[in-house]
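In listed order, ligands and their atoms are each counted from 1. It should be emphasised that the depicted structure is a prediction, and the values quoted were computed from it without experimental measurement.
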Amino acid sequence: MENYKNIIEDIYSDVKKVDDIGKVANYIPELAFIKAANFGVHISTINKEGFGVGNFDKKFSIQSISKILSLTLAYKLEGEKLWERVDVEPSGNPFNSLLQLESDLGKPRNPFINSGAIVVCDVLFNHLKNPKVDFLNFCKEISNNATLNYNEKVALSEKAAGFRNIALTNFIKSFGNIKNNVDDVLDFYFHICSLEMSCKELSEIFLYLTDDNFTTKNGNRVLTMSQAKRINAIMLTCGFYDESGEFAFRVGLPGKSGVGGGIVAIHPDKYCITVWSPKLNEKGNSYKGMLFLEKFTTKTASSIF
Ligand code: GLN
C-alpha cells in the first residue's frame, strides 16, 4: 500500500493542476449543480487496505457505474439465459444510441449502454417483488454498507428530461424485449442510476469483482468465479461505450464510467480504484478520471496486459 499511496498522491497533485477541457453533464438538470472542482481518488486492495485523497469521502451520483450492480444481480438471478436478452459485444456507439437496435431487432449490444441496462432492469423486474427496495438491499448486503441510498431529486430530474431513454424503451418493447410496463421499468432504471456513493464506497463495493475469495458478511459469494470473470470482460470491452478501446489502450484495466464523473477500475487479484472528477470528455467519460488512471497504471506498472 505504501507504494500505491505515494504514487496516488503524486499523480493527484499533477492532475489537479491540469487544465480540465471537459464539461459537467447537464442533460440531467440536477447534475449541472455539481461543483466541477470536486476531485477524489480511493483505492481498496484485496488485503482490505484502503487509501484516499481529495474528495474521496463525498457521495456523488454514480449513474452508469450502477449498471455493473444491476447486471450482477440479474446474472445471479437469471443465469446464462440473460444473454438471450442482451448481447456482450462492444457497440462502438454512444451510450444512449438508438442506431443498432433496429437492425439487431431490439437486442441491445451489451448491458452497459442504456438500452442494455434498461433490458437488465426489465429482467430484474420479473424476479424482484419490490424492485427498488430489493435492489438497494442487495447493494447494502454486498457492500456491508447500510447508508447507501437513491437520490430522489436526481431520479425525478432524469425522469422529467429522459426523452431518449423513453424512446429507447418503447422501441425495444416494440420488438418484445421489454416485458413490463415502460414507465415502471424506466422509474426503476432512473432510480438505479441515481444511487449515490463516494469513491471510498465504490472501491469497496466492487471488491467482489477483484477478489476471487470475496464473501459478504454472512459468508455468501456474490458471483461464481466464472461470472465475475465475465463481468470484468464486459467492463474491459464495453465499459466506456465508444471509448472502450481507448480506455483499454491507455489504462489497461476493466472499468466503468458514469456521467456523474465517476470511474471505477479493477485489477483482478489486486485492487479496485475509483476516481471522481465531474467534467466529462465528449464521449461522456470523466476527463481527469481517465488521465489519472492512465498515469496510475503506468507508474505502478499494474495493468492486466
Ligand atoms: N442515467 C444516465 C442516462 O441514462 C446514465 C448514463 C451514463 O452514466 N453514461 O443517460
Is the ring centre of Tyr75 less than 6.0 Å from the ring centre of Trp83?
yes

Would Lys256 and Phe112 count as a cation-pi pair here, with the cationic atom under 6.0 angstrom from the ring centre and within 45° of the axis?
yes

So, the side chain of Lys173 versus the backbone of Asn180: is there a donor-acceptor pair under 3.5 Å, distance only?
yes

Could you list, one pair per line, each nitrogen or oxygen of ligand 1 together with any protein nitrogen or oxygen closer than 3.5 Å, giving atom names and the distance rounded to 0.1 Å?
from	atom 1	to	atom 2	distance (Å)
ligand 1	1 (N)	Gln63	OE1	2.5
ligand 1	1 (N)	Glu158	OE1	2.9
ligand 1	1 (N)	Glu158	OE2	2.8
ligand 1	4 (O)	Asn114	ND2	3.0
ligand 1	4 (O)	Glu158	OE2	3.0
ligand 1	4 (O)	Asn165	ND2	2.9
ligand 1	4 (O)	Tyr189	OH	2.6
ligand 1	8 (O)	Ser64	N	3.1
ligand 1	8 (O)	Ser64	OG	2.7
ligand 1	8 (O)	Val259	N	2.8
ligand 1	9 (N)	Ser64	OG	3.0
ligand 1	9 (N)	Tyr241	OH	2.9
ligand 1	10 (O)	Tyr27	OH	2.5
ligand 1	10 (O)	Asn114	ND2	3.3

Between Ser64 (side chain) and Gly258 (backbone), is there a donor-acceptor pair under 3.5 Å?
no

OH on Tyr287 to CD1 on Ile21, rounded to 0.5 Å:
4.0 Å

Spacing of CG belonging to Leu148 relative to CD1 belonging to Ile205, to within rounding of 0.5 Å:
5.5 Å

